[in-house]
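Chain naming here is simple, since letters A, B, ... match the order of the sequence lines and numbering starts at 1 in each. Being a predicted model, the structure only gives us computed values, none of them experimental.
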There are 2 protein chains.
Amino acid sequence: MKPETITEAIKVACSSCNLRELCMPIGFNPDDMQRLDAVVATRRRIKQGDHLFSNGDSFTSLFAIRTGFFKTCVSSADGREQVTGFQMAGEIIGLDGIVSDYHSCNAVALEDAEVCVMPFANVEDLSREFPQLQRHVHKIMSREIVRENSVMMLLGNMRAEERLAAFLLNLVQRLHARGFSQSELTLRMSREEIGSYLGMKLETVSRAFSKFSDEGIIEVKQRYVRIIEPDALKKIFNPQTCA
Amino acid sequence: MKPETITEAIKVACSSCNLRELCMPIGFNPDDMQRLDAVVATRRRIKQGDHLFSNGDSFTSLFAIRTGFFKTCVSSADGREQVTGFQMAGEIIGLDGIVSDYHSCNAVALEDAEVCVMPFANVEDLSREFPQLQRHVHKIMSREIVRENSVMMLLGNMRAEERLAAFLLNLVQRLHARGFSQSELTLRMSREEIGSYLGMKLETVSRAFSKFSDEGIIEVKQRYVRIIEPDALKKIFNPQTCA
DNA sequence: ACAACCTTTTGATTTGCATCAAAGATTTTT
DNA sequence: AAAAATCTTTGATGCAAATCAAAAGGTTGT
């Protein structure tokens, strides 16, 4: 492949993924845009199952997912694992590393992936010059805090089926925002990983899938899921507003 | 009280609380320090039980707690409440509001409190001038993300007694960092609020307290708690490393 | 000082999910 | 293409925590 072709491919991808919001906040002139490109130092490919970073690794960069799908997880000292999130194209991972200069979680590719490596020093330098970039970095971190707040609500207050309904609705909504179907998805993670994220065992996840399927709310075939009755899912997740 | 006295009190408080890390990152010259004081616009007193901000309020400022104790919590549409954190002097609340310009949680004073109001526009403006302040703001947000990761581990993987042990150890450690006792504390929150934070019912919290007390690990008298055997608590929280 | 209210503790019972177990389904390896 | 490994489903059983209930302890208001 010619270098020109690669560059072209990059431009197309950046302008069509959420990453654009980080790399090129709206309202920049071409000169600024060119300088903002400097935030991305390199690309990195990660094979399915490989770690992008691990607990204890020193922190230098944030990563913007170009393609692929990741999970982040933390481990307790006695080996229990908690999946803290699933990330897809356009999302940023590595924010956990800023506070102590080393990562406190693992980021594992659930399928072959490519990320843009953004050395955090670059991000900070450019943030001081471009208030829009600065604001954007702050929003990304705040968004993650708010997301985790709602996961705490799930884990602390919701029952198994409510958790799975919320999970499916969230996943399909994010996929839809990326141009995929509102009703169909292929799960990139196992029942066990879903369970770890939602604080339940893989058998319970499987049973909840089967229950939804029996009720005609979804169609499940292994990792393929089709949402037949989105309103029923919303009602399970939140009995009040959809009653 | 004379104005001079107030100013003096402020200086003393700022240099002795964690807030200093935000207002005056280490290594600044006196001129810079003076400009950094501009980040704090005003003070605000909040009475016990009052809201510092509520879900839906428009976001303009971060708040640094000078004195007092807060809880933050989110509510589901059908009224279930999840406490997402307890905050004490020197800690920053309001980060949830950055992403969408309005708050997505409630901050409630658990005792009479005073906060420094830091208009976020000021924070961002000064961050662009002072890389140390910029770095500090990033670290504060990252720290919150990492904290929430570990709460997810608690909620997803730990049993009731492990959660309460972790909670007590975390509380006493933060109090100790503020000059309080390593072994004694007075809880500012009810059993119900502890339970909401830890994903369990108030009766379960009470039973776990009683169990620890029966085992001689702690002494409990209502909201007074004395930690008699910190190592036993650590062992409950994490069976492996302290075995 | 008393009444009203709220919080905490403790006991009895229920239940949702975990655990244990085993059989299919799917993917990977050889 | 068979064999091995992994993932998923489903059933039977057990248990930790929720729920229901009531009393005791503490706080607030008049």
Side-chain angles (χ1 to χ4, degrees), chain A residues 47-50 69 71 80-83 108 110-112 154-168 185-215 218-226 236 239, chain B residues 47-49 71 80-83 108 110-112 154-168 185-215 218-226 236 239:
Chain A
K47 285 231 162 296
Q48 181 172 2
D50 284 355
F69 204 95
K71 69 171 178 182
R80 283 176 280 190
E81 189 175 88
Q82 173 71 37
V83 171
V108 183
L110 295 180
E111 59 182 2
D112 290 357
L154 269 193
L155 294 175
N157 276 295
M158 306 288 211
R159 36 191 51 252
E161 286 167 31
E162 294 175 311
R163 295 182 202 189
L164 187 64
F167 171 76
L168 288 174
L185 68 154
T186 301
L187 299 170
R188 250 70 243 210
M189 70 294 282
S190 68
R191 300 290 188 264
E192 184 167 25
E193 286 162 333
I194 296 171
S196 174
Y197 183 59
L198 298 177
M200 49 208 254
K201 293 294 157 186
L202 68 95
E203 294 94 329
T204 307
V205 175
S206 178
R207 278 183 238 273
F209 269 122
S210 299
K211 176 122 184 288
F212 290 169
S213 180
D214 291 348
E215 294 170 340
I218 62 174
E219 181 193 333
V220 195
K221 183 97 190 281
Q222 300 290 123
R223 297 197 176 182
Y224 166 85
V225 177
R226 185 165 65 90
I236 289 165
Chain B
K47 285 232 161 295
Q48 180 172 2
K71 70 170 177 182
R80 283 176 282 191
E81 188 175 88
Q82 173 70 37
V83 172
V108 183
L110 296 181
E111 58 182 4
D112 289 358
L154 270 194
L155 294 175
N157 275 294
M158 307 286 212
R159 37 196 41 254
E161 286 168 30
E162 294 175 312
R163 296 181 202 190
L164 186 64
F167 171 76
L168 289 174
L185 68 154
T186 300
L187 299 170
R188 251 69 243 212
M189 69 294 283
S190 68
R191 301 290 188 265
E192 186 167 25
E193 287 163 332
I194 296 171
S196 173
Y197 182 58
L198 298 177
M200 50 210 251
K201 293 294 159 188
L202 68 94
E203 295 95 329
T204 308
V205 175
S206 179
R207 278 184 237 273
F209 268 121
S210 299
K211 176 123 185 288
F212 290 170
S213 180
D214 290 348
E215 294 169 340
I218 63 174
E219 182 192 333
V220 196
K221 183 100 190 281
Q222 300 290 122
R223 296 195 176 184
Y224 166 83
V225 177
R226 187 165 65 89
I236 288 164

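Nearest-nucleotide positions on DNA chain C place Val205(A) closer to the 5' end than the other of Gln222(A) and Val205(A).
Here dA18(D) presents its P atom at 12 Å from CD of Glu161(B), a figure rounded to the nearest Å. The interatomic distance linking Arg207(B) (CZ) with dC20(D) (P) rounds to 14 Å, in whole Å. Distance Gln48(B) CD to dT27(D) C1': 12 Å, rounded to the nearest Å. Residue Arg188(A) contributes atom CZ, which lies 16 Å from atom P of dC7(D) at whole-angstrom precision. Between the P atom of dA18(D) and the CZ atom of Arg163(B) lies a distance of 8 Å, rounded to the nearest Å. Atom OH of Tyr224(B) and atom P of dT27(D) are 16 Å apart (whole Å). At whole-Å resolution of the value, CG in Leu202(B) and C1' in dA17(D) are 12 Å apart. Rounded to an integer number of Å, the gap from Lys201(A) NZ to dG14(D) C1' is 15 Å.
For Gln82(A) (side chain) and Ser196(A) (main-chain N/O), a donor-acceptor pair under 3.5 Å exists by modelled atom type. Of the possible polar contacts, none joining the Arg191(A) side chain to the Thr204(A) backbone as a donor-acceptor pair under 3.5 Å is found. Between the side chain of Arg163(B) and the backbone N or O of Met158(B) there is at least one donor-acceptor pair closer than 3.5 Å. A donor-acceptor distance shorter than 3.5 angstrom exists from the side chain of Ser210(A) to the backbone of Ser206(A), with no hydrogens or angles considered.
Nucleotides of DNA chain C that come within less than 4.0 Å of any heavy atom of chain A span, from the 5' end to the 3' end, dG16(C) to dT26(C).
For Glu215(B) and Lys211(B), the salt-bridge test passes: some basic side-chain N is under 4.0 Å from an acidic carboxylate O.
Across all non-hydrogen atoms, the minimal contact from Leu164(A) to Val205(A) is CD2-O, 4.1 Å.
A close approach under 4.0 Å does not occur between any side-chain nitrogen or oxygen of Ser206(A) and OP1 or OP2 of dT8(D).
Between the side chain of Arg223(B) and the base of dT27(D), no donor-acceptor pair under 3.5 Å is found.
Among the heavy atoms of the strands, none lies under 4.0 Å from Lys211(B). Residue contacts shown for Glu203(A) include a base, since a base heavy atom lies under 4.0 Å away.
Within the 4.5 Å cutoff, the side chain of Lys71(A) has heavy atoms near those of the Glu193(A) side chain.
Out of dG25(D), dA16(D), dA18(D), the shortest distance to the side chain of Arg159(B) is found at dA16(D).
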